Structures are given as C-alpha cells and as structure tokens.
There are 2 protein chains.
Amino acid sequence: MEPTAPQRRVTIVDVARHARVSVTSVSKVLRNAYGASPEMQTKVRRAIEELGYRPHAGARGLRGQTYTIGVMLPDIRNPFFPEILDGVTDSLEETDYQVFLGPGCNGEKAEARVTEAMIDRGMDGLVLVAPVSSRAHLEHVAGAVPTVVVGRHGSSPAYDTVADDDTEGAALVVRHLVGLGHRRIAHIEHHETDPTRLAEMPNARRADGYRQAMRVHGLEEFIDVISTSYSQEGGHRAARELLGRPTATRPTAVFAGADIAAMGVLDAVAEAGLSVPGDLSVAGYDNTTFAAYGPISLTSVDQCGQEMGRNAVRLLLERIADRARPSTKVILSPRLVARRSTARSAE
Amino acid sequence: MEPTAPQRRVTIVDVARHARVSVTSVSKVLRNAYGASPEMQTKVRRAIEELGYRPHAGARGLRGQTYTIGVMLPDIRNPFFPEILDGVTDSLEETDYQVFLGPGCNGEKAEARVTEAMIDRGMDGLVLVAPVSSRAHLEHVAGAVPTVVVGRHGSSPAYDTVADDDTEGAALVVRHLVGLGHRRIAHIEHHETDPTRLAEMPNARRADGYRQAMRVHGLEEFIDVISTSYSQEGGHRAARELLGRPTATRPTAVFAGADIAAMGVLDAVAEAGLSVPGDLSVAGYDNTTFAAYGPISLTSVDQCGQEMGRNAVRLLLERIADRARPSTKVILSPRLVARRSTARSAE
DNA sequence: GTGAAAGCGCTAACAG
DNA sequence: CTGTTAGCGCTTTCAC
C-alpha cells in the first residue's frame, strides 16, 4: 500500500486518446451538451468506464460549474434540520449535483466564514437554512452565487425564499389549547433585539402569531410572553419562572416556540414534581423526532421540512438555469400534531 | 441588485498589480511559503485587504491544495456524531483548512458516492466516521487522499484509525449492573453478518465485550443477546420480545448497544405499563444528549467524541505533512455515566 | 529574494 | 457533428 506512488489521476485527455476522439467531444458527453452523435456518446462512455475516469470538479469549476451545492445549517443538533436536508438530498439524487454541508454555524462570524468558503470553492448554488446574518451579507452572497434562504421571512430580489407560515403555526397552537379550555396560555420566545431579525426570523413571527391569536380569542388580558431562548436551558429557565408564580397567575398551558425549548419545560416540570399534561399542558414547534418519541409525546407544529428542502432545490436549480428570473418566495402551511402533552384544562 | 453583472472576482493577478509585485510573490505570501521578505509580506497583505481578495480554492487545488477537509458522518440524526464533528472543527479553527460534511450516508453505495465526490473535489484530507464500506474501498480512498477512519477497529497501513475501546465500554456497563445486583442482564446488538464488519465494527465489539464480561463475572449461563438493530425500532422490537417472556427468564436489566436503541426500549417499557428502573434497568452507549436529558436520565457510556475528533485531525494533518509516515491507531478509553435508568435489582 | 512562464484539467469559442 | 486552441486562477519550476 505504501510504496505505490500517488497514482496519477485519469484525465479527460486520457479518455479522449483511449476513445480516439477529441477532448471537446468527451467534455460534451460529460455535460450532456448538444452536439454529440449517439455513436460518439457510446464510444466515450465506454472509454470512461474502462479507464474509471471521473472529472475533476475543481478544474471544471474554473470554466464552468463544479456540480456542487452547499447547504448551511445553523445547528446540526436540532433534529428539525435533518428533515430539510433530506428534502434537499432526495431532490438532488438523480442530478449530477453533489451536496456538501457547512459545519454548524452559530453567529454571524461563523456564517460568514462558511458562506465565503462555499463561494471560494466555486459551489454552484447555496441553501442557507435560518441564517442570522444581515440582509446585506445575504445579498452579497446571493450576488456571487445563486442562493435560496430557508426558514427566514423577509424576501429579497437577490435570492429566493422558502419559509413556513409561522404566524399561522402559532395560531394553530393557540386555537388547539383554547379548544381544550385553556385561557392562561403562556408563550416562550427566543429573545431578539436586532430590528432586521425581529422582522424576518421565525421566532419573532411565532411570538406575533401567538399575540394575534390570543386577541382573536378574546384572551388579550392573558397574553404572557417569557423571553429567553430556543434552547433546553432557555425553556427550563422560562418554566421555572412560570412555575414559581402564585397559582392565580400561573398558566395552565405553555406554548414553547421550539421543541428544544419545550424539552427544557418538560424537564423543569418533572423537577418540580409536577406532571404533564395534568398540571400543565405543553406544546412545541418543529415536530422533531424528540416530540414524536413515545414517552415524551409532545404536541407540536410540523413545518414539513422535507417539503421545504424540495422547494429550495427546485428554486435553486431554476435560478442556476436562469439567473435573471424574478425572485420567488414560497410559504408552506404548517400542520398541528396533537399528542399527549396537551389535555383539557382542569379549570 | 438584479442588473449588476455577476461581478468579476478579484484574482491573484489583480493583487499583484495593485501591490506592484509578481504573482509568484503573492502566491508565496498566501501559502506562508519560504522566500518572501517582511516588507513584501506587508505590501501583499495590504493589497489583499484593500481589494478584498480571496483565493479560489478550485484553482489552487489544480496545482496544490484546496485547504478543504471532508467529514463523512453515517447519520446526522444520531446525536453522538456532532460531538466528533465539534472536535474536528475546533481543531481546525485556527488553521487555513475548512471543513465540509458529506450528507448522511447509510449503505456502501451512498458512502462510495460521497467519498468519490470528496476526492473529485480535490479535498486534502478525509475523516470517515464509522464507515460501513469494505476494507478495499477504504484503502482505495486512502490511496487517493490522506484518510482517518473513526469509530471502526481493524487498522490498515493505508489509513490512520481512531476508535473507542468498545470491549471495555461494554465491560463497564456489565460491571455496573452486576454491582447493582443484576444477573439476568440482556444485550441488544446490531445484527451483523458481513465478516469484515463483524471484526471491525463497534457493534460487534460491544457484543463481544458483553459476553466476555458476563463470563468474567461468572454469569455465562445468563448471556442473552437479542439481535436487532441500533435504531429506535430495533430497540423497541427487542424489548417487546424480552418483556413478553415469562417472569422466570425475563431479564432484570438490559444493555442496549446504542442510546438510540435504548430509546426504543424505554418506549416499549412505557407502553407495557412498566417502569424504569423499577421493573427494568436500562443502559445505553454513546452518552447522547438524549441520555443526558433529565426526564430520561439514561445510564450510558461516554466515548469522548470531541477527543476522537481532535485526534482524527491531528493524525490527518500529520499525514498531509508526511504521507509516508507509518499508520497509527489511537484507542480512547470510554467512561461510564451512571444515571437514574439503572438501579439496584429487586431480586 | 524576486519574477517570468509553463501547466494543472477542464470548458468555451471558434474552425472546419 | 467534430476537432483545435485559448484561457479559467493558481502553484511550481527555473532563471535572474
């Protein structure tokens, strides 16, 4: 194994020579481009097969495409994101494109590093999932390479957008809880101060949707938003605050803006020696595998991550084909999945 | 945003012109190569800064390196793998290398596609986590690019290896359960028939370690291995079989070879109206975030994923620097994390 | 220490 | 429909 010199890669020239044709013809066959007779095709394909030739993506990228799509996920640990990724990879399965993921990014700096790295590697298209970067940076990226932003609202002429209707999703939860007789329904939001993100990020939409829905149901006086973060720790902290209140102002139901925060709530409830849904109904958002897990059985909102991924790819391929086409925004409807963590209010 | 033509990228030629030096000099500065005076360095760096130049990785790769490391994870959903990834990215943070992930791969075919794609993109080094491919394929990959295999035993002169001592990990669990007074301890393994994988994959080692440890504790007659798979469904199926037995042969403790399978066990136990650890002690392997989650509190074995990732990077960079250096195998010691899912046997 | 020039593997523009 | 050739942006000889 050791002594063999790092074997020279088979190149397009080798294939051309082997097939007794020009490199152009080989290139055309590789790209399924117009202008190669059927016999030429078979000759070339045979040579490729026999030599085990594989085109070098970097070299291709120097003139044409690299056939590489980059996907940036904010947090690989959040079980919602793999759903989107599945939608992306499934849609790309039959194409010549290959997907690569940027490593988990939290924060603008890490995002910038990853997006720049993707551009530097000549990737043909980017799918950015729930990016926190400024609009300006997103538009800079989109100016360099076709880009689809997933899970963030504010649209731009520079890139396409796929998102879930978070306002509606929040309303679904409130409606469900009201239907179960709850009135004191609290909401745990991900704290946000940046004005752009306040307008564009899903967490802000969910909080807004909650407030709107409470008003619609005549429960304005019970609006109760705890501002922590979409994390287990954030949910835990929020729950402790809620459970520490006197019974009169303690909510009978909690709507956490993300399953991961709902996990923290469930943990805190157990620690307090209380039970779900007996003492408190809990709902989340994202319909993660965690929520679906039997012993947890968390009521949640399903965003159809796979569908989001599929739409992102469709838009991306369209834009790669025609960079001038007007930008598009796709909004998908969420769906409530009721489970055992929510029950009729005792009151 | 629309009308601006896809702006031409700043190239090394632009930088050279701007700094009034040769492209060779710029290239040297970029690579921190020998033979550039301090004043040259500053001149060039200033020009790079002023023009916002970023080298094109594909073009670099045509002659030198792409400064890209590829990581292949078998399943992005398994909460253990992000740990390894963290170790990898942390170690690479201060270097010029950028990490990209291959999308989740299950099966040899998908693995081959991803590894080939990484090679085609001129990646400088690969970290393959728990690959299921044949030895031959791994050595083929390692022949093309420096490679470290993580979480798989059989070593090879062609690549370096980092793994956890799975035999010892299994022994830790058995010892723990025996210490709690258990004797009828069952094990759930991931079914394996392929002879290579039987020898090299962690699941086989864990099952072996379980058998050995049972013998060591004089419990040979109680050896009880259920062969399903490392998945929630597999754990569920195994647990149903175990719980369906007459009390006399029903185990008092179950050691699942992976947390993900332990999840299935917990689910089945709950469905059967039984409780953990009252009716059954349950232990897993991997110490995932799931195991650490309060309401679950699953006893598990910690593999120090981050440490594995850090070691993988160290070995990879060493091999990139010297492709002839003898291959190395690093074995890390696992650590038992006892939690509430295991308790003293009632017997 | 610095620079000119060849060439990495491929695609695109052009001739035939 | 097929082939020849000039680059893409960089690193690497090899002169100076």
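Below, chains carry the letters A, B, ... as their sequence lines are ordered, and counting in each starts from 1. These numbers come from a predicted model, not from an experiment.
- By the neighbour-count criterion of 12 heavy atoms within 6.0 Å, atom CZ of B:Arg46 is sparsely surrounded, having that number or fewer from other residues, nucleotides or ligands.
- Using a 4.0 Å cut-off, no side-chain N or O of A:Arg63 falls inside it from OP1 or OP2 of D:dA6.
- Contact annotation: A:Arg31 side-chain N/O to C:dA12 OP1/OP2 distance is under 4.0 Å.
- Contact of B:Thr24 with C:dA4 (side chain to base): a donor-acceptor pair of N or O atoms is detected under 3.5 Å.
- Straight-line distance from the CD1 atom of A:Ile12 to the P atom of D:dT4: 14 Å, rounded to whole Å.
- Comparing B:Glu39 and B:Leu62 by the nucleotide of DNA chain C whose heavy atom lies nearest to each, the residue mapping closer to the 5' end is B:Glu39.
- For B:Glu83 and A:Arg77, the salt-bridge test passes: some basic side-chain N is under 4.0 Å from an acidic carboxylate O.
- Nucleotide C:dT2 holds its P atom 16 Å from the CZ atom of B:Arg20, rounded to whole Å.
- For B:Thr11, the side-chain atoms get nearest to D:dG9 when compared with the rest of D:dG9, D:dT12, C:dT11.
- Atom CG in A:Leu30 sits about 11 Å away from atom C1' in C:dG9, given to the nearest Å.
- Regarding contacts with the backbone of D:dG3, a side-chain N or O of A:Ser22 is found under 4.0 angstrom from either OP1 or OP2.
- Side-chain N/O atoms of B:Tyr53 include none lying less than 4.0 angstrom from OP1 or OP2 on D:dG9.
- To the nearest angstrom, P of D:dG9 lies 16 Å from CD1 of B:Ile48.
- Comparing A:Met40 and B:Ser27 against DNA chain D, the residue whose closest nucleotide sits nearer the 5' end is A:Met40.
- A donor-acceptor distance shorter than 3.5 angstrom exists from the side chain of B:Glu111 to the backbone of B:Val132, with no hydrogens or angles considered.
- Rounded to an integer number of Å, the gap from A:Arg121 CZ to D:dC10 C1' is 14 Å.
- In this structure, A:Ala36 reaches the sugar-phosphate backbone alone: every heavy-atom distance under 4.0 Å involves primed, P, OP1 or OP2 atoms, never a base.
- Paired with A:Asp160 under the rule salt bridge (charged side-chain N to carboxylate O under 4.0 Å, His left out), one option of A:Arg152, A:Lys329, A:Arg325 passes, and it is A:Arg325.
- One interatomic measurement links the two molecules: CD of B:Gln65 to P of D:dG9, which rounds to 21 Å at whole-angstrom precision.
- An OP1 or OP2 oxygen of C:dT2 is reached within less than 4.0 angstrom by a side-chain nitrogen or oxygen of B:Ser37.
- Look at CZ on A:Arg8: it is 14 Å from P on C:dG7, rounded to the nearest Å.
- When B:Val71, B:Val313, B:Leu316 are each tested for a side-chain contact (heavy atoms from CB on, under 4.5 Å) with B:Leu92, only one passes: B:Val313.
- Between the P atom of D:dC10 and the CZ atom of A:Arg60 lies a distance of 21 Å, rounded to the nearest Å.
- Taking every side-chain heavy atom of A:Val23 into account, D:dT5 is the closest of C:dA5, D:dT5, D:dC1.
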